[in-house]
Amino acid sequence: MNTIYSLKAVLSELLFDLFGVDDIAIDLQETKKEFNGDITLVVFPILKRSRLSPEATAELIGIRLLEKTNIIDTYSVVHGFLNLTYSRGIVIKTFDTIKATPGFGIRKVDKSLPSSMIEYSSPNTNKPLHLGHIRNILLGMSISKILQASGMNTIQVQIINDRGVQICKSMWAWSQFSNGETPESSGMKGDHLVGKYYVLFDKEYKKQVSQSISSGVSEEEAKKSVKCIVQVQEMLLQWESGDSEIVKLWSKMNNWVYSGFDKTYKRLGTDFDKNYYESDTYLLGKIDIEEGIKNNVFFRKKDNSVWIDLSSDGLDEKLVLRKDGSSVYMTQDIGTAIQRFKDFEINSLTYVVGNEQDYHFKVLFLILEKLGYKWANKLRNLSYGMVDLPTGKMKSREGNVVDADDLMDQMELAAMKLSNELGKASFYDEIEHKELNISLGHGALKYFILKVDPKKRMVFNPDESIDFNGNTGPFLQYTHARISSLIRKGRGEQSKWSWDDFSLTEKERDLILFLSKFPEIIDSAALNLNPSIVASYLYDLAKIFNSFYQQHSVLNAETAQIVAFRVDLCKQIVSVMKTGLGLLGINAPDRM
RNA sequence: GGUCCCGUAGCUCAGCUGGAUAGAGCAUCUGCCUUCUAAGCAGACGGUCGCGCGUUCGAAUCGCGCCGGGAUCACCA
C-alpha cells in the first residue's frame, strides 16, 4: 500500500525507459525541512547514464513523472535534488487506508507457522534482579512484542541458572546464620532474602580469607582453603550426588526466589511461555559432543579434554568438555539449543544477552553450524551494552547494585510527587491515581532504557537519569492522554465529513504521511532487533502532533466538518501511539 | 598481544545501506495558560561529528592507520 513503494515502482520504470538505469541507482529520501516537498530523488547517481547536467536530469525526470503518475503533484529542482510533493489524492488515499485498517501497523499472525523463540532475563537464583536484568528483560519483552507485530509467532523463554556454586553460597550462609528465617517470618521478598545470605557469605568469606592470610597462609592458598568455601564445594558435590537434605534446602530456597521473581516480572509486565532450568539441562550436550567427535568437528587431546579448532574462522581453540568429562557452559548451550528445536516448532532462536558474551555466542553459533544444523543461521544474538553506575560497575556480591524492585518503587514515588506538584491528583480517586503513577513511573523507566540503541553501554544515575519532561515516556503518555481527551470530548460531534469539505493544512499532511510509516518502522525494528527505532518514531510522532495541536484547534475548528475530520485524525494517531507504546511495554493512560 | 563494541553540543542521545546549512532532549536564557490537558508549544544559546590519511562529484556515514573508553580471548559461571 505504501506510497513510497508505488512511487519507487513508477520511477524504476521511468528511469529505465529514459536512461536505462537500474533500481540500485534510485535514491529516494525524505526531503529536508528547509526545502519544499515530501520526498527527494537524488539524481547524482543517474548522471553517468543521463549524460546531462544534474539540473537538466532532474527537470526531465520531474516533467515525465507528472505525466506518468498522479502520486506526485509538483516538483522542484535544487541542484541535483528533485524534490517531489505528494498529490492531495495520494495523501487522501493514504489516510483512507490507515483508517480502514483495524490495528494499523500490526501484521496478522498465522498461527500455523513456526515460531521465533526469544530467550531473555536468564537470572541466577542466588540474588534478586537488578538494573542490568531490567535492561535485558525490557529488551526481550519489547522485541518479542515487535516480532509479533511484524507477523511472527513467538515463544518467550528464560533459562534459570538454579544450580552451581553461587546458590550453594547462599545456602551455606543461610544454614549458618539464619536461625530458620523465611520470607514469611522476615516479611522479605524471597529473592531478596536469598540475596541477603549471598552477601553475608561474601562477607564471611572475606573475613576468613584475611584471618587465614594473617596466620601466614598465602593469599592464593587462603582463597581456596578457607573453611566456608571448602564447605560450599562439598555442598555442590552433595547436590550433584542427590543428597536429599541438600536438595531439599536447595529446592526450598529456589522456590523463595521464584516467587520473588514472579512478582518482579509481573510488575515489569512480562511473562514467559516456558522456563528452562539449568538443573535439568546442565547435562545436555555431552551426547552431541560425542557425535561431533565422530564427525571430526571436535577433537580429543591427550589429557582427554575435548576441543574445537576455530582458528580457520579467525577464532581460537575452544574447550567443549573437560578432561574429567564434565561439561562447560558451552556444552550445555549446545545441548539446550538442539533440545529447543526438538521441543518446539521454531524456525529461529534469539538470545538477549549482554555484550560481554558476544564471543561465547559467536562460537556457539559457529559450532552448531559445523555440527550441521540447518537452523544454525537462524540463531541471533540481541547483544546489549552494560548498565553502569556513575560509581562504576555493579557487583551483586558487594551489594552496590540498583535493585529492580527498589528502582520501580523509586520511579512510582517520583511520579506521585510530580503529579502532586502539578496539582493533578485531585482529578482521581486514590486507586486510580496510584495506578496512574505506576504507569508513569514505569513508563519513564522503560522508555529511558529502550530509547537507546541496545548496543550502547549506558550509565545510569539513579538521582538524575530519570526525567518526566522532554524525550521521555511520560511525554509520550501525556500526548496520548491529551489526544484521548480530544476524542472523548469530540464524541458529541456527529457531523459527517468528506474530503470535499476542506483542504488539508500542512501539519495535517505531515501527520498523515508520518502515520503511514508505522508498519515499516515495526518491520525495521524487528529486522534489526532494535526497539529504539519504535521509540524514536513515537517521539517524532508526538512532536508533530503537539506542534499541530498548538497551531490548530481540533474541537473549535472553523467548520463542523473539519472538527469531525480532525477528531478522526486524532483517533488514528492515538491508535498508533497506543500500539507503539504497547510494543515498548508502556501503558498509555487515557488521561493524566 | 588477537578479536568485538563504543567515541556526534556542557550532559543524555538521534542520524551511520554516502547526499543539501549535522538533529532532539536536559541544562541556561526569552516569549506563550479568562479558548481543546503548560508533563506542552515557539524561539535563543551551544558542534574541529576522537585524530590523520584514503576512496568519491560528495564522508558523521565507507576503507586503512592511530588515540581514548569498554568487553572478551578460563578445565569460571
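Note that the structure is a prediction, hence the values are computed from the model and not measured. Proteins come first, then strands; the chains are lettered A, B, ... in the order of their sequence lines, and each starts at number 1.
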Atom pairs under 3.5 Å: protein N/O with N/O of nucleotides 5-12 of chain B:
unit_1 : atom_1 : unit_2 : atom_2 : d
B:G7   : OP1    : A:K456 : NZ     : 3.2

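Under the rule for a ring pair (Phe, Tyr, Trp, His ring centres under 6.0 Å), A:Y75 has no partner lying at least two apart in sequence or in another chain. Residues passing the side-chain contact (heavy atoms from CB on, under 4.5 Å) test with A:T331, sequence neighbours excluded: A:K286, A:I289, A:L321, A:S327, A:V328. When the ring pair (Phe, Tyr, Trp, His ring centres under 6.0 Å) test is applied to A:F475, the partners found at least two apart in sequence or on another chain are A:Y539. A:F81 meets the ring pair (Phe, Tyr, Trp, His ring centres under 6.0 Å) test with A:F44; sequence neighbours excluded. Applying the side-chain contact (heavy atoms from CB on, under 4.5 Å) rule to A:A526 yields the partners A:I146, A:L147, A:S150; only residues at least two apart in sequence or on another chain are considered.
Lacking a ring centre under 5.5 Å from that of the base six-membered ring together with a plane angle below 30°, A:F81 does not count as stacked on B:G19.
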Sequence neighbours left out, cut at 3.5 Å: what donor-acceptor pairs do the side chains of residues 557-565 of chain A make with other protein atoms?
unit_1 : atom_1 : unit_2 : atom_2 : d
A:T559 : OG1    : A:Q561 : N      : 3.4
A:T559 : OG1    : A:I562 : N      : 3.1

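Within the structure, the salt bridge (charged side-chain N to carboxylate O under 4.0 Å, His left out) test picks out the following pairs touching residues 436-458 of chain A (sequence neighbours left out): A:D388-A:R457, A:D453-A:K455. Residue pairs meeting the salt bridge (charged side-chain N to carboxylate O under 4.0 Å, His left out) criterion with at least one partner in residues 32-44 of chain A, sequence neighbours excluded, are A:D38-A:R509. The salt bridge (charged side-chain N to carboxylate O under 4.0 Å, His left out) contacts involving residues 312-324 of chain A comprise A:K301-A:E317, A:D313-A:K370, where partners must be two or more places apart or lie in separate chains.
When the nearest nucleotides of RNA chain B are assigned to A:Y539 and A:R322 by heavy-atom distance, the more 5′-ward of the two goes with A:Y539.
The backbone N or O of A:H130 lies less than 3.5 Å from a partner atom in the side chain of A:H133, making a donor-acceptor pair.
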Legend entry - Annotated protein contacts, base or backbone, on nucleotides 33-45 of chain B with a non-hydrogen cut-off under 4.0 Å, one of B, S, - each: --SBBSBSSS---
Legend entry - Intra- and interstrand pairs of RNA chain B - dot-bracket, Watson-Crick/G-U under 3.5 Å, | marks other strand: (((((((..((((.....[...)))).(((((.......))))).....(((((..]....))))))))))))....
